[in-house]
Amino acid sequence: MFSDRDVGSPQSPFVSPYLNFDPAYLPEATQPEFIFPEGASKQRGRFELAFSQIGASCMVGAGIGGASGFYNGLRMTVLEGQTGKLRRTQLLNHVMKRGAATANTLGVVAVMYSGFGVLFSWLRGCDDELNTLGAATTTGMLFRSTSGLKKCGLGGAVGFGLATVYCLITSRDRINSFLESKS
């Protein structure tokens, strides 16, 4: 764009030495540039959070499953008396198989939970604790639905319980203000 003779010339008082352009050619900002538009919510919605929740669930599942596979692999290879390369291969097989299976399971649960959460938020038009409780309960029921009605209800109860604990932890300020207003 510019040669060395243009630097410091009267037409271009400053040229960025790193990008090799004259900043005078950039348009002046006519309005403020903010990440969130004026009047918009200052937090990400459920749909945007879904992607990080799914990814985090897969990573946590891979870590937990890998650790469990490593423990089981150590136990099995010691019982079978394996040593050297055979033992190392068996350990890797246990870690990879258990890690992948657990990551897949937690990933599927996270996809279902996020999908139900987005659906409930869209249907109700608001994002609150009721959506979290409903999404977790529905996810638990659907995840265990192939195991029979009793297991389906148990899965829903586990989902509801985990969501209740989560809501109590994350909404502590709202609960305290509600209790203070009642007394």
Side-chain angles (χ1 to χ4, degrees), residues 35-36 40-176 178:
I35 294 175
F36 295 105
S41 173
K42 298 288 190 237
Q43 64 181 5
R44 297 187 298 169
R46 280 191 93 97
F47 186 70
E48 289 89 5
L49 291 173
F51 296 103
S52 59
Q53 289 173 347
I54 294 166
S57 295
C58 287
M59 296 298 285
V60 167
I64 291 171
S68 172
F70 184 73
Y71 174 74
N72 287 338
L74 276 176
R75 206 169 37 127
M76 296 299 286
T77 55
V78 167
L79 288 176
E80 294 174 3
Q82 297 173 345
T83 59
K85 292 180 181 180
L86 179 61
R87 183 176 188 190
R88 185 174 52 236
T89 302
Q90 288 299 323
L91 279 173
L92 284 174
N93 287 343
H94 280 277
V95 167
M96 296 303 290
K97 185 175 182 179
R98 181 66 65 94
T102 308
N104 188 27
T105 301
L106 285 182
V108 167
V109 169
V111 166
M112 288 192 302
Y113 170 74
S114 297
F116 284 127
V118 169
L119 180 68
F120 292 158
S121 292
W122 180 73
L123 288 174
R124 294 187 59 233
C126 66
D127 188 18
D128 58 0
E129 288 79 11
L130 190 59
N131 291 344
T132 301
L133 293 171
T137 304
T138 310
T139 298
M141 290 174 68
L142 181 63
F143 187 72
R144 301 305 278 163
S145 65
T146 57
S147 301
L149 196 55
K150 191 174 185 179
K151 298 268 183 161
C152 179
L154 183 62
V158 168
F160 183 78
L162 289 173
T164 302
V165 170
Y166 172 77
C167 288
L168 288 174
I169 291 170
T170 59
S171 303
R172 187 175 306 161
D173 295 336
R174 194 181 323 186
I175 293 169
N176 288 338
F178 177 74

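Note that the structure is predicted; figures quoted are calculated from it, not measured.
- Within a 6.0 Å radius of CE in Met96, other residues, nucleotides and ligands contribute 12 heavy atoms or fewer.
- Of all heavy-atom pairs spanning Ser121 and Asp127, the tightest one is OG-OD1, 3.5 Å.
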Check the pair Phe70, His94 against side chain to side chain contact (heavy atoms under 4.5 Å, CB included), reporting the backbone distance first and the verdict last. CA-CA 6 Å; Phe70 184 73; His94 280 277; over 6 Å; no

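- In this structure, CZ in Arg174 is found 9.0 Å from SG in Cys167, a value given to the nearest 0.5 Å.
- Distance CG/Leu86 to CD/Glu80: 8.5 Å, rounded to 0.5 Å.
- Put simply, the side chain of Thr137 never gets that close to the backbone of Gly134: no donor and acceptor are under 3.5 Å apart.
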Passes side chain to side chain contact (heavy atoms under 4.5 Å, CB included), Phe143 versus Thr105? Steps please. CA-CA 10 Å; Phe143 187 72; Thr105 301; 3.7 Å; yes

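- Side-chain N/O atoms of Gln90 and Thr77 include no donor and acceptor closer than 3.5 Å.
- Across all non-hydrogen atoms, the minimal contact from Leu91 to Gly73 is CD2-C, 3.4 Å.
- Not one N or O on the side chain of Ser68 forms a donor-acceptor pair closer than 3.5 Å with the backbone of Ile64.
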Test side chain to side chain contact (heavy atoms under 4.5 Å, CB included) on Leu74 and Arg87; report intermediate values, then the result. CA-CA 8 Å; Leu74 276 176; Arg87 183 176 188 190; 3.3 Å; yes

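- With values rounded to the nearest 0.5 angstrom, Thr138 atom OG1 is found 10.5 Å from Met112 atom CE.
- When all heavy atoms of Gly107 and Cys58 are compared, the pair lying nearest together is CA-SG, 3.6 Å.
- Ser171 approaches Glu129 most closely through the heavy-atom pair OG-OE2, 2.5 Å.
- For the atom pair SG of Cys152 and CE of Met141, the computed distance is 4.0 Å after rounding to the nearest 0.5 Å.
- A 6.0 Å sphere centred on CG of Leu123 holds more than 12 heavy atoms belonging to other residues, nucleotides or ligands.
- Smallest separation of non-hydrogen atoms from Ser114 and Ile54: OG-CG1, 4.0 Å.
- Summarising the geometry of Phe116 relative to Thr139, their closest heavy-atom pair is CD1-OG1, 3.5 Å, with the distance given to 0.1 Å.
- Put simply, CZ on Phe120 and CG on Leu133 are 11.0 Å apart, with the number rounded to the nearest 0.5 Å.
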Decide side chain to side chain contact (heavy atoms under 4.5 Å, CB included) for Asn131 and Arg124; before the verdict, give the C-alpha distance in whole Å, the side-chain angles of both, and the deciding distance to 0.1 Å. CA-CA 8 Å; Asn131 291 344; Arg124 294 187 59 233; 2.8 Å; yes

